[in-house]
Student: 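Take this structure, written in C-alpha cells, and hold onto it; I'll ask about it next.
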There are 2 protein chains.
Amino acid sequence: MCRSNRLFDLLQTLRDGHLHTAQTLAEATGVSVRTLYRDMETLVASGVPVIGTRGTGYRLPPTVTLPPLTLTPAELEALNLGLAIASEVADPDLKSAALSLTDKLDAVLPETAVAEADAWKFTKNPFANTARGFAQMPTLRAAIKARQKLRITYTSKDGAVTSRTIRPLHMEYMSRVWTLTAWCEWRSAHRAFRLDLINTAEALPELFTDEAGKTLADYRP
Amino acid sequence: MCRSNRLFDLLQTLRDGHLHTAQTLAEATGVSVRTLYRDMETLVASGVPVIGTRGTGYRLPPTVTLPPLTLTPAELEALNLGLAIASEVADPDLKSAALSLTDKLDAVLPETAVAEADAWKFTKNPFANTARGFAQMPTLRAAIKARQKLRITYTSKDGAVTSRTIRPLHMEYMSRVWTLTAWCEWRSAHRAFRLDLINTAEALPELFTDEAGKTLADYRP
DNA sequence: ACCCAACTGACAGGTTTATGTCAGTATCAT
DNA sequence: ATGATACTGACATAAACCTGTCAGTTGGGT
C-alpha cells in the first residue's frame with residue numbers, strides 16, 4: 001500500500017477519538033514502528049492535530065477541518081468583524097475560542113506569501129490530491145440531499161477498479177481529503193470513499209430511506 | 001531547485017496578474033516546457049485558480065486564499081456566531097459579504113443526510129435564528145459537561161410551545177443548524193432539538209447518570 | 001525507581017517520483 | 001486559414017523519497 005493511502009487509513013482509525021499505541025497502529029497498517037513515527041510526523045506537519053503522549057499513545061481530538069477557501073476582501077472584513085464581536089461575548093469559553101480563531105486567521109492572512117509557502121509543505125508530501133474529485137462534488141451533494149442512490153466506479157487501495165451502488169450519507173473534508181461516507185450495497189456495509197478515487201458518479205432514479213443499521217448514525221469507523 | 005520551491009516561485013511570478021507564456025515560465029524556472037505544464041497541473045490540482053488560455057498564456061486572477069484550517073468545535077461555534085451577528089448588525093455591503101461567506105462555509109462544512117426540507121424552510125432568515133440559538137449555547141454546553149438536567153421551553157414544528165425536562169447528551173452543527181440531542185423525560189424518548197427553537201434553557205440542580213436506553217449510544221435517529 | 005511508549009538519528013537498499021525528449025492534438029486571436 | 005500557445009501521452013533515465021534495522025533518549029504514569 002502506498003504511503004498516502006496509509007496516512008488516510010491512519011486518520012480513519014484515529015477518528016474514533018480513542019487511544020492508540022504506535023505498536024498497534026504499525027501492525028494495523030503493516031509497517032514498522034519506526035515508519036509509523038515518521039507517518040505521525042507527516043500528519044502533524046500536514047496540520048492534523050494528533051497528540052502523542054509518551055507512555056500512553058496517540059489521540060485525535062475532535063476537530064473540523066476547513067478546505068482552502070477563496071474569499072473576497074469584503075468577506076474577509078465581515079469575518080474579522082464577526083470574530084471581533086464574538087470575542088466580546090461574556091461566555092469565557094466562546095470568547096477564548098473566538099480569540100484563538102482570530103489568532104489563527106491573523107497567522108494565515110496578512111502575509112500571503114507565508115501562507116502559500118506553508119501550503120506547499122504538505123504538497124511536497126504527496127498526501128493530498130485534494131482537488132481531484134471536485135468534479136463529482138455537486139452530484140454527490142445533490143444526491144445526499146435528495147436521498148438518491150448513486151452508481152460509482154471507484155479505485156480501491158489495491159488499485160482495482162470496482163463499480164457499486166451506494167447510499168450517500170455524508171460528505172466531509174477530513175484532514176486534507178474529501179471523504180464520502182455511504183452505505184455500500186455491494187458490500188452490505190458502511191464505507192468511506194475518497195473523492196479523489198471516485199472515477200465516475202451517476203445519480204440513479206432510485207431513492208432510499210433510513211433503514212436500521214444503514215444510517216449515518218450506525219457508522220462506526 | 002526542488003519542486004515545491006519551484007511551484008512557490010511560479011506562484012510568485014504569476015501573482016502580478018499579467019500574462020505569462022509557458023515558454024517564459026519554463027525558462028525562468030530553469031525547466032523544460034513539458035515539466036512546466038506538469039507544474040501547472042499540480043497548481044490547479046492544489047486549488048490555485050490559475051487560468052491557461054490556448055494561444056495566449058497563463059493568468060492568475062487576484063483572490064485571497066485561506067489555507068486549510070483545523071478548527072476546534074468551540075472555534076467553529078465562535079465563527080458561526082460572529083458571522084450571524086455580523087450579518088445582522090453591519091451595513092448592507094458587509095451584510096451581503098457575511099451572507100456569502102456563510103454560504104461558502106455551509107458548502108464546506110460536514111453535511112448530514114439528516115437535513116430535511118424542513119431545515120431549509122426556516123432558513124429564509126437563517127442567521128437571526130442561528131444567532132438566537134447561540135445565546136443558549138454556554139448553558140447547554142456546560143450542562144452536557146456537568147451531566148445536569150435542563151428545563152427548556154421549545155417551539156416545535158407545529159408552532160406549539162412546550163416546556164420539558166431533558167438530559168442533554170450531545171450538541172452538533174448539522175447542515176446549517178445546531179442541534180441538541182437529549183433524552184426527553186416528558187416524552188420518554190430521545191429527541192433532537194434545534195437550538196434556534198429553544199426559547200429558554202435553565203439548568204436544574206438535578207444531575208443524571210447513564211441509564212440503559214437513555215444514553216447517546218442508544219440514540220437512533 | 002520502574003515500566004511503558006513516544007521519540008530521534010544514522011544508514012543502506014529498494015521503490016516511487018520527477019524530468020526531458022519526442023510526437024501529436026486542441027483552441028484562441030487575428 | 002494561420003500562427004501561436006496551451007495541452008496530452010509514452011517512455012527511459014535520473015533524482016528523490018521511503019523503509020527497515022538498530023541503537024539510543026525522553027517523559028509520563030504507577
Side-chain angles (χ1 to χ4, degrees), chain A residues 1-11 13-14 16-46 48-61 120-132 134-135 155-159 176 196-197 199, chain B residues 1-11 13-14 16-46 48-61:
Chain A
M1 186 192 306
C2 78
R3 197 163 101 104
S4 58
N5 289 341
R6 200 176 59 227
L7 291 172
F8 177 75
D9 277 1
L10 276 176
L11 274 177
T13 306
L14 285 167
D16 61 8
H18 297 152
L19 214 53
H20 299 269
T21 69
Q23 183 70 45
T24 311
L25 293 171
E27 280 166 13
T29 47
V31 100
S32 78
V33 180
R34 183 67 184 89
T35 296
L36 187 115
Y37 285 125
R38 279 191 279 243
D39 283 353
M40 284 305 180
E41 194 183 343
T42 305
L43 287 181
V44 170
S46 300
V48 179
V50 60
I51 294 171
T53 317
R54 292 169 197 260
T56 346
Y58 289 98
R59 183 189 296 278
L60 186 64
W120 296 119
K121 262 189 218 157
F122 87 84
T123 306
K124 191 180 69 179
N125 317 329
F127 186 14
N129 289 335
T130 53
R132 254 197 77 198
F134 260 50
T155 306
S156 51
K157 283 167 203 160
D158 52 22
R176 319 269 165 180
D196 59 313
L197 297 182
N199 303 314
Chain B
M1 187 191 307
C2 77
R3 197 164 102 105
S4 57
N5 288 341
R6 198 176 61 226
L7 292 171
F8 177 71
D9 279 0
L10 275 177
L11 268 182
T13 307
L14 286 167
D16 62 8
H18 297 152
L19 215 51
H20 300 269
T21 69
Q23 184 69 47
T24 312
L25 292 170
E27 280 166 13
T29 48
V31 98
S32 77
V33 181
R34 183 66 184 89
T35 296
L36 186 114
Y37 285 124
R38 280 190 278 244
D39 284 352
M40 284 305 180
E41 192 183 343
T42 305
L43 287 181
V44 170
S46 301
V48 178
V50 61
I51 294 171
T53 317
R54 292 167 197 261
T56 21
Y58 289 99
R59 183 188 296 279
L60 185 64

Student: What is the distance from CG of L25(B) to C1' of dA6(D), rounded to the nearest Å?
Tutor: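 To the nearest whole Å, that distance equals 12 Å.
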Student: With nearest nucleotides of DNA chain D determined for L36(A) and I51(B) from heavy-atom distances, which residue corresponds to the more 5′ nucleotide?
Tutor: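 Taking each residue's closest nucleotide, the earlier one in sequence belongs to I51(B).
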Student: Taking N and O atoms by type only, does the side chain of R38(A) place a donor or acceptor under 3.5 Å from a partner on the base of dG20(D)?
Tutor: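 Answer yes: a donor N or O sits under 3.5 Å from an acceptor.
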Student: Quick check on DNA chain C: between H20(A) and R34(B), whose nearest nucleotide comes earlier from the 5' end?
Tutor: H20(A)
Student: Show every salt bridge (charged side-chain N to carboxylate O under 4.0 Å, His left out) that has at least one partner inside residues 26-42 of chain A, sequence neighbours left out.
Tutor: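 Checked against salt bridge (charged side-chain N to carboxylate O under 4.0 Å, His left out) - neighbours excluded - the pairs reaching residues 26-42 of chain A are R3(A)-D39(A), R6(A)-D39(A).
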Student: Which sits closer to the 5' end of DNA chain C, Q23(A) or T53(B), going by the nucleotide each is nearest to?
Tutor: Q23(A)
Student: Under 4.0 Å between a side-chain N/O of Y58(B) and OP1 or OP2 of dC7(D), yes or no?
Tutor: yes
Student: Below the 4.0 Å mark, does dG20(C) have OP1 or OP2 next to a side-chain nitrogen or oxygen of S32(B)?
Tutor: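 So the side-chain polar atoms of S32(B) do come within 4.0 Å of the phosphate oxygens OP1 or OP2 of dG20(C), strictly under.
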Student: So, is Y37(A) near the phosphate of dA6(C), with a side-chain N or O under 4.0 Å from OP1 or OP2?
Tutor: yes
Student: Round to a whole Å and report the spacing from CZ of R6(B) to P of dT17(C).
Tutor: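 Atom CZ in R6(B) sits about 16 Å away from atom P in dT17(C).
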Student: Check whether any side-chain heavy atom of L25(A) sits under 4.5 Å from a side-chain heavy atom of Y58(A), and report yes or no.
Tutor: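 With C-beta onward as the side chain, the pair touches.
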Student: Do R54(A) and dA5(C) have a side chain to base donor-acceptor pair shorter than 3.5 Å?
Tutor: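 By the distance-only test, no, there is no pair.
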Student: Rounded to the nearest Å, what distance is computed from the CE atom of residue M40(A) to the C1' atom of nucleotide dC18(D)?
Tutor: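 Whole-Å distance recorded here is 17 Å.
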Student: Contact class for V31(A) vs. all strands (heavy atom < 4.0 Å): base, sugar-phosphate, or nothing?
Tutor: sugar-phosphate
Student: Return no unless some side-chain N or O of T21(B) is found under 4.0 Å from OP1 or OP2 of dT5(D).
Tutor: no
